[in-house]
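Below is one structure, written out as C-alpha cells, with a few remarks after it.
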Amino acid sequence: MSAGARRVGAEADLASAPAPHLVTEVPGPRARELIERDLRVTSPSLPRAYPLVPARGSGVVLEDVDGNRFLDMNAGIAVTSTGHCHPAVVEAIRRQAGQLLHYSGSDFHLPIYGELCERLAGIVPLRGPARAFLTNSGTEAVEAALKLARYATGRQYVIAFLGAFHGRSYGSISLTASKVRYREGFGPLLPGVFHVPYGDTSEIRERLFRRLVAPREVAAVVVEPVQGEGGYVVPPEGFLRELRALCDEHGILLVADEVQSGMGRTGRMWAVEHWGVEPDILLAGKGIASGMPLGAMVARADLMTWEPGAHGSTYGGNPLACAAALATIDLVERELAANAREVGGVLLEGLRGIAARQPLVREVRGLGLMIGVAFRDHHAAARVEEACFRRGLLVLGCGDDAVRLSPPLVIDGERARVALAVLEEAVAEVAAAG
Ligand code: PLP
C-alpha cells in the first residue's frame, strides 16, 4: 500500500482478517430481520442476487450485519476498484467534504471538475486532444454519448451488439440487449438502434449496410471492449480493430463503453489498449471513483461542437466523487492495473485448472480481474453462485450461464488462491448434486 495511505485500527484489522469467516449461517438473524423490513418498502424491480446484507468493508473483505466476513470477488459490481474504503480515497473524500460538498460543475467553474476532466483527457487513448463531461452514473455517460454522437454527426442511427449492457435509462436501455427482462414492458424504446452479433463485423457490412441502413446515416457504433453483464465475453482478436476500420471508412463514431472494463480492471487502464484501438468517445463509470457515484463521457475535442446549454447536469461531477476519482486514478496508474494483470493471471490459471477437473465448468475467459466462468447451464451457474455465498465467497452471475469474478484490484495472490479453493468446493458440491 502506498505511503501516507495506511489502514488503521478496526479497518486495518478487517482488511487483514481471514476471510471467508462465518459466525452464523447466512443470512444470519440480523440480516434476515433487515431483509424482511427492506422487502416491505423497496422497489420489487431490484434484482437482488442473494441475501447479503453488508455492514462494512476494508480491502477485499466485506463484513455483514451479523459479523460474517466474506471474501468479496464482486467489488459491489466491479465498482470498489481500490478495495473497500481505501484510506487514500477515504482521506480525499474527507478532505473535500470539509471544503465543499456541492456546487454544480455545469453552471459554474468547479476547480476539481476541471482537474478531473484534465486528468481523464490525459489518460484516455483517443485520437488527439480530448474533453470530458461528468455524470453520476454509467447510464448517464451513455446518454451523453448518444446525444453527442447525433449532434456532432447530424446522423440518427446507432449500432449496438447483442449481449450488450449499457444501462437502464431510455437511451441506454435501447442499446442494451443482454436480457429481454430489461426491456420488457417499456417500449417503444429509442428508435434507430440496430443490434448485431458481438465479435463479428460481417453482419454490419453484409446485412445492415446492404439491406437496412445507409452507413452515411449511422452516427455511432457503441461497443463494450469486453462485454460485462452479457457474460464477461472477450471478443475475438481482430474484432475491435475491424470495427475501428469500418467506422473510419464511413465516418461513424466508435464509442467504447468502458464503464465496466475500464479503470484498470482488465490489467490496463482501458480495455481497448489491449488491441491498440483508439475510440472517438470513451465512457467510464463504476470503478472510476471507488464507489462514489461518477461517470464520464470523454470525447475527441473536435467532436464537442455542442453549444452551451445543449447538455448539463446538476450533480454530475460532484466534488466528493471527483476527489475520490483523482485518488483512484493515482492508485490504478501507480500499482493497481499491474496488480490486476498479475493476480488476474493467478486466477485465470487456477480457474483453468478447476475447469480441467470439473466438467460442470464449460469455459473460463477474461482479462486481468474481469473473469467469467461459464457452466453447463444457467441453473448450474445460479447454484454455484449460491454455494459460494453460503461459504462466504461473493461472486455474481452474468450472461446466460456464467458467474463473474471482478474483485477489488487490490486483491493479492494469497486471497486469490483462497477464492479458488472455495469456488472449487462450491463447484464440486453443485456437480455432486447432479
Ligand atoms: N455500461 C456498462 C458496460 C455497464 O456494465 C453498466 C452497468 O453495469 C452501465 C453502462 C450502466 O451503469 P450504471 O449502472 O452506473 O448506470
Side-chain angles (χ1 to χ4, degrees), residues 81 105-106 109-155 158 166 172 219-225 240-241 243-245 247-248 251-266 268-289 294-308 310-313 316-318 321-330 332-333 337:
S81 48
S106 267
H109 298 277
L110 187 59
I112 200 163
Y113 188 114
E115 188 184 342
L116 179 58
C117 291
E118 202 170 80
R119 195 71 193 276
L120 287 168
I123 60 170
V124 290
L126 303 188
R127 290 173 176 166
R131 286 174 179 262
F133 176 87
L134 303 181
T135 69
N136 303 288
S137 63
T139 197
E140 289 169 73
V142 173
E143 298 293 334
L146 280 173
K147 286 176 73 175
L148 181 67
R150 281 182 161 177
Y151 195 100
T153 61
R155 303 174 178 190
V158 178
H166 296 288
S172 65
V221 172
V222 183
V223 64
E224 291 163 278
L240 289 166
R241 280 192 294 270
L243 265 189
R244 178 67 277 179
C247 288
D248 284 343
I252 298 169
L253 301 179
L254 182 63
V255 181
D257 181 346
E258 295 250 18
V259 166
Q260 191 148 179
S261 60
M263 272 296 133
R265 173 135 311 275
T266 67
R268 294 188 187 245
M269 183 59 85
W270 309 107
V272 285
E273 293 173 45
H274 288 280
W275 298 280
V277 166
E278 297 174 322
D280 302 294
I281 298 177
L282 184 145
L283 310 178
K286 285 192 180 279
I288 188 174
L294 187 78
M297 190 263 302
V298 195
R300 272 173 30 212
D302 62 317
L303 292 175
M304 289 245 192
T305 54
W306 47 14
E307 309 276 322
H311 201 43
S313 165
N318 164 274
C322 288
L326 288 165
T328 300
I329 295 170
D330 280 346
V332 172
E333 269 191 327

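If you're wondering where the values come from, they're calculated on a predicted model, not measured in any experiment. FYI, side chains are in, hydrogens and waters are out, and symmetry mates aren't considered; it's all heavy atoms of this structure.
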May I ask you to test the [X]-[Y] pair for a side-chain heavy-atom distance under 4.5 Å?
| X | Y | result |
| --- | --- | --- |
| V222 | L254 | no |
| V223 | L243 | yes |
| M263 | I329 | yes |

- Item | L134 side, atom CG; L120 side, atom CG - distance, nearest 0.5 Å |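 Answer for the CG-CG pair, L134 versus L120, is 6.5 Å.
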- Query: Is the backbone N or O of E258 less than 3.5 Å from a side-chain atom of E224, with the two atoms forming a donor-acceptor pair by type?
  - Reply: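 A pair under 3.5 Å: no.
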- Is the backbone of A284 close enough, under 3.5 Å, to the side chain of W270 for a donor and an acceptor to pair up by distance?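 No, because the side chain of W270 does not come within donor-acceptor range (under 3.5 Å) of the backbone of A284.
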Non-neighbouring partners of [X] that pass side-chain contact (heavy atoms from CB on, under 4.5 Å), sequence neighbours left out:
| X | value |
| --- | --- |
| S106 | S104, S313 |
| A301 | P129, R131 |
| A325 | L116, I288, A289, L294 |
| V259 | D257, L283, K286 |

- Message: Before you tell me yes or no, could you show the steps for L326 and I112 under side-chain contact (heavy atoms from CB on, under 4.5 Å), namely the whole-Å CA-CA distance, both residues' side-chain angles and the distance that decides it to 0.1 Å?
- Response: CA-CA 9 Å; L326 288 165; I112 200 163; 3.7 Å; yes
Which heavy atom of [X] sits nearest a heavy atom of [Y], and at what distance?
| X | Y | answer |
| --- | --- | --- |
| P125 | P279 | O-CD, 3.7 Å |
| G317 | L110 | O-CD2, 3.8 Å |
| T266 | A271 | OG1-CA, 3.7 Å |
| A299 | L148 | CB-CD2, 3.6 Å |
| V255 | A220 | CG2-CB, 4.0 Å |
| T328 | G287 | CG2-O, 3.4 Å |

Residues in side-chain hydrogen bond (donor to acceptor under 3.5 Å, both in side chains) with [X], at least two apart?
| X | value |
| --- | --- |
| T139 | S169, S172 |
| E140 | N136, S137 |
| E333 | R119 |
| S81 | none |

- Intermediate values then yes/no, side-chain contact (heavy atoms from CB on, under 4.5 Å), L253 and C247: CA-CA 6 Å; L253 301 179; C247 288; over 6 Å; no
- Task: Test side-chain contact (heavy atoms from CB on, under 4.5 Å) on M297 and I281 and set out the steps.
- Result: CA-CA 7 Å; M297 190 263 302; I281 298 177; 3.8 Å; yes
- Message: Just to verify, what does H311 make a ring pair (Phe, Tyr, Trp, His ring centres under 6.0 Å) with, not counting sequence neighbours?
- Response: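 Partners of H311 by the ring pair (Phe, Tyr, Trp, His ring centres under 6.0 Å) criterion, ordered by chain and then number, come out as F133, W306.
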- Message: Run E307 and Y151 through side-chain contact (heavy atoms from CB on, under 4.5 Å) and show every step you take.
- Response: CA-CA 10 Å; E307 309 276 322; Y151 195 100; 3.4 Å; yes
- Message: Enumerate the salt bridge (Lys or Arg N to Asp or Glu O under 4.0 Å) contacts for residues 268-281, please, sequence neighbours excluded, ordered by first and then second residue.
- Response: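 Every pair satisfying salt bridge (Lys or Arg N to Asp or Glu O under 4.0 Å) with a residue in residues 268-281: R127-E278, R244-D280, D280-R300.
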